[in-house]
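Sharing a structure below in structure tokens format, with a few things to ask.
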Amino acid sequence: MAEEEKQYDFLTIEKKWQKFWESEKTFQAEDNSEKTKFYALDMFPYPSGAGLHIGHPEGYVASDILARYKRACGFNVLHPMGWDAFGLPAEQYAIKTGTHPSVTTKTNVDNFRRQIKSIGFAIDWQREINTTDPNYYQWTQWIFLKLFQRGLAYVAEKPVWWCPNLLAVLANEEVVDGKSEVGNHPVERRNLRQVVLRITAYAEKLLDGLDDLDWPDSTKRQQKAWIGRSEGAEVEFSIDNSTEKLTVYTTRPDTLFGATYMVVAPEHPLLTKLVVPEKADEVKTYVESAAKKSDLDRTDLAKDKSGVFTGSYCINPINGEKIPVWVADYVLISYGTGAIMAVPAHDERDHEFAEKFNIPIRRVITHPEGDEEKEKLPYSGLGSMVNSGAYDGLDTNSCKIQIIAELESKGTGKSAINYKLRDWIFSRQRYWGEPIPLVWVNRSDFEKAKSTSGIIQGLLPENEVTSEKDGETLYALPLPPSELPLQLPEVENYQPAGTGESPLATITDWLNIWFDLESGKSVSRTEPKPDGENWVSATRETNTMPQWAGSCWYHLRYLDPTNLKNLVDPKKEAYWGSPDFYIGGAEHAVLHLLYARFWHRFLYDEGILQNPEPYKKLFHQGLILGEDGNKMSKSVGNVVSPDVVIDAYGADSLRLFEMFLGPLEAVKPWSEKGIEGVHRFLRKIHRECLNNKKHFVAKETNQETLRLLHETILKVSDAIRDLRFNVAISQMMILANHLQKAQNFSLDTIKSLLQLLAPFAPHLAEEMWEKLGGTPSIVNHPWPQAREELLVSEKITIVYQVNGKLRGQAQFSKNVDKGTVISAAKADPKVQSFIEGKEIVKEIYVPGKLVNLAVKG
RNA sequence: GCCCGAGUGGCGGAAUGGUAGACGCUGCGGACUUAAAAUCCGUUGCCAGUAAUGGCGUGAGGGUUCAAGUCCCUCCUCGGGCACCA
């Protein structure tokens, strides 16, 4: 019987406490609380069919430890979970099997929820959200309409990745090495009608906002590079024998005297006017071949530059020099003005091009240290100006300023700022996404909408949004909030239209509607036109939103997940604010985190939120690799499922080991043997807790035990705050090993250890806490406080070094003076053998730590 | 090519400029057991030595310092990001 009781029956224990937490609502966050809030957020998962693998919980365990720790410290903690459930896999499964994506999604969510619950997180499940729930996505649509109203959404033909196999347009991030990320199919470029969000309008704000964020430096750097701000000038070149002007953007106006040719991108609007008749055929062939190349080909061939002379010349505004204009695909139409002045002496790309086509290379900057003649070109650094007329002798930076001033005074240039950031293509030609709540009408109905008083009138952007369809210009009208959510219609076939339109384009009774310009109501055109003069014929937008949309604002919905009137109640938003801790993979460093910042800042500018930034503190957990050191993947067959691990060792062992594996941010391999180690540790805790012969009720009497306990409290608390969970666990192991060896120990001691352990291994901690007479839940008991005065012992060990090498040590009372220690060190026989016959040049004493004798000879 | 980050035993990893290798895994030896499992005890960086002990050791080389895994410079390897953005 005794034997049986000592078994660590983790499966029973874990189930028991998960039930307890659920029925007692232990982790329910309070909306009206006097307490300080703590909001821990995980990047919510896409519920795939494959279920959770061992990497998913890593971040969740980390945030859970913080959540439980903060709770024990008296905070009102919010730790929610939800599902980013729109996305391609469910849609592709639907195409294959005809199963509605919502069915697949529900199955997958149920499985993910079961798995996550089995790990025992302190999650407030009453706040669970799902981006595919119409009650959720109506607010995603609502935010879109706000963006539309403010002129931040428009429609344009955009070259996008088209995958003939998936029959879908792919986002850049879904294309890896010229293949689709899903399925690895070839992709090509195609111009398609897209809804676009004007994120570039927020470039400056998104850049500036980074400074105040407590984020990993590398992530901030990535966002900075992605936004890619540069300062320079726009310079206007007149075209010889033409009234047209060619404007270029350059970051190096100082090198203007070194411009020996110009380049326009193949797509440049002035190109046709620049080409002289003799060159027409050659240029036409070149432009056509460039158009056939994808961006990938164009960058792949970066090493081999190509281009054609147009036959035209520009006039350099600074010196009147005539310089030839070329067309070359190393200049991108999408950046700057799509044209450059080429300075081969001081730009690597221009240099390569000039060498290939024998264009003159003129140095205008000397290297500050260089022997001018021997110096290698291109040189892109700073120096002093030469061959630059009146600017000779100036340093690069002042030359920049003065040349811009001269151009400005002549009206042929001005300083300018450019960004690499492009507008965000926000539409997907797919079924399984949020429908975009716009309808399209003809010009006269649009004019009528503008002059019809009613709800629509007030929701129109300042500049109309138009789109060409079958030669006709259509005008976008928004649905009013009262018509949201615009739900996905049922379809029979999930296959995209194949024309580059989504499956929604094939559902004519959903697509074609009567639309009331006054109320924004709509009915299918399969019905008779309703009475009233403001009903017009319209078609719905058939694009759906990208998966990023739902995740742009989910951190807000957790604060108020069931609110039907507002995206979030302002009072709740004021209390909870933004997450105090946000954890997720570094793969989202740019896209998700930039898009979410954009939306959040926009909502802040709209006065809906109190704070401009969504995620003040961000952390990326490192990847967990397979036991073989490779990335876990089905094809390699090294995937470890949490279900299997929990079955064999329990959720507590899983949690503990994921944290013990190494630093949270590090990439580290899984190890089956390793989890046995932490499992043994838990068994040891279990055994020591139940070994009541060793327990006594009075305060801890063993000074060493007491000291070690408080050292452990201190170290574990610090380590949790610093997210150094592996170190925290090591320290608890040290204490557990000590208790195991001790004759006996106080109940206080072991109960304190259980409290420290509770955030890591909550089930076992609860069970043992209860067995030792504590009232559950353990998280409701205040976190132990370290008595630091106990950590200063009466006796200190001082180390003797000779020339920095350890040669002995001795114990002293803690108030010992320098002289005593140094003489003791010199008297030490071992130390003596190393200083004998040598001259002591220096005596170092680090109080309480060591003596170092520097000797010579 | 450019910008980051990281290199510590057989392995995962610890170390406010101050005793390198905590803690865990593995291996080895032992206790308990009829035996095994579980548990416990000891040991485990390398070289020399029976041992005491000594020498060497944090990717390589140099430097700063009484003292360097830690700071500085150069280089190598690995990982991540960007990559014709003028």
Check: Is a side-chain N or O of Tyr286(A) found less than 3.5 angstrom from the main chain of Ser306(A), in a donor-acceptor match?
Finding: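 Checked: pair present.
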Notebook entry, point to check: Which value, in whole Å, describes the distance between the C1' atoms of nucleotides C25(B) and U34(B)?
Noted result: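 Each nucleotide's C1' atom is 32 Å from the other's.
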Next item on the list: Look at the aromatic rings of Phe353(A) and Tyr330(A) and report parallel, tilted or perpendicular, splitting at 30° and 60°.
Entry: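 Ring orientation of Phe353(A) relative to Tyr330(A): tilted.
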Notebook entry, point to check: If we call it a pair only when both distances are under 3.5 Å in a Watson-Crick or G-U wobble match, what pairs with A37(B)?
Noted result: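 A37(B) is paired with nothing.
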Margin query: Anti or syn, where syn is a glycosidic angle within 90° of 0; which label fits G27(B)?
Written below: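 Anti, since the glycosidic angle lies more than 90° from 0.
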Check: In the strands shown, is A86(B) matched to any nucleotide by a Watson-Crick or G-U wobble pair with both distances under 3.5 Å, and which?
Finding: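 Here A86(B) is not engaged in any pair, so there is no nucleotide opposite it.
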Margin query: Counting only Watson-Crick pairs (N1-N3 plus N6-O4 or O6-N4) and G-U wobbles (N1-O2, O6-N3), all under 3.5 Å, who is the partner of U77(B)?
Written below: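 Partner of U77(B): A6(B).
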Notebook entry, point to check: Which heavy-atom pair separates Lys694(A) from Leu739(A) by the least distance, and what is that distance?
Noted result: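 For Lys694(A) versus Leu739(A), the nearest heavy atoms are NZ-O, 2.9 Å.
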Next item on the list: Begin from the C-alpha positions of Lys830(A) and Asp828(A) and carry the test salt bridge (charged side-chain N to carboxylate O under 4.0 Å, His left out) through to its verdict.
Entry: CA-CA 6 Å; Lys830(A) 210 186 286 174; Asp828(A) 185 274; over 6 Å; no
Next item on the list: Give the minimum heavy-atom separation between Leu421(A) and Thr200(A), together with the two atoms involved.
Entry: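 Looking at all heavy atoms of both residues, the closest pair is O-CG2, 3.3 Å.
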So which protein N/O to nucleotides 64-66 of chain B N/O distances come out below 3.5 Å?
from	atom 1	to	atom 2	distance (Å)
C66(B)	OP1	Lys842(A)	NZ	3.0
C66(B)	O2'	Asn852(A)	ND2	3.3
C66(B)	O2	Asn852(A)	ND2	2.7

Item checked: A15(B) versus C76(B) - spacing of their P atoms, nearest Å ->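 My reading of the P atoms in A15(B) and C76(B) gives 30 Å.
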Item checked: Options A38(B), A14(B), C82(B), nucleotide nearest the side-chain atoms of Trp226(A) ->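 That would be C82(B).
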Checklist line | Check: Phe10(A) ring centre within less than 6.0 Å of His686(A) ring centre | finding: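 That pair fails the under 6.0 Å test.
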Checklist line | Ring geometry between Trp424(A) and Tyr595(A) (parallel below 30°, tilted from 30 to 60°, perpendicular above 60°) | finding: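 Tyr595(A) vs Trp424(A) ring planes: parallel.
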Notebook entry, point to check: Who does U16(B) pair with, Watson-Crick or G-U, both distances under 3.5 Å?
Noted result: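 WC or wobble partner does not exist here.
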Checklist line | Distance below 4.0 Å between Lys805(A) side-chain N/O and C56(B) OP1 or OP2 | finding: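 Answer yes for this pair, as a side-chain N or O of Lys805(A) is under 4.0 Å from OP1 or OP2.
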Check: Are the aromatic rings of Trp215(A) and Phe619(A) close, with centres under 6.0 Å apart?
Finding: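 They do not qualify: ring centres at least 6.0 Å apart.
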Notebook entry, point to check: Taking the side chain of Val331(A) as its heavy atoms from C-beta onward, which of U39(B), A86(B), C41(B) lies nearest to it?
Noted result: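 Closest nucleotide among those given: A86(B).
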Next item on the list: Return yes if a side-chain donor-acceptor contact under 3.5 Å exists between Tyr649(A) and Glu672(A), otherwise no.
Entry: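 Yes - a donor-acceptor pair under 3.5 Å links their side chains.
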Notebook entry, point to check: Should Arg687(A) be listed as having a side-chain N or O under 4.0 Å from OP1 or OP2 of C40(B)?
Noted result: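 Arg687(A) to C40(B) OP1/OP2: side-chain N or O found under 4.0 Å.
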Between the protein and nucleotides 50-53 of chain B, list every N/O to N/O distance that falls short of 3.5 Å.
none

Next item on the list: Go through G13(B), C3(B), A86(B) for me and flag the one nearest to the Lys668(A) side chain.
Entry: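 The answer is G13(B).
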Next item on the list: Do nucleotides 22-29 of chain B as a string where each nucleotide becomes B, S or -: B if the base has a protein heavy atom under 4.0 Å, S if just the sugar-phosphate does, - if no protein is that close.
Entry: BBSSS---
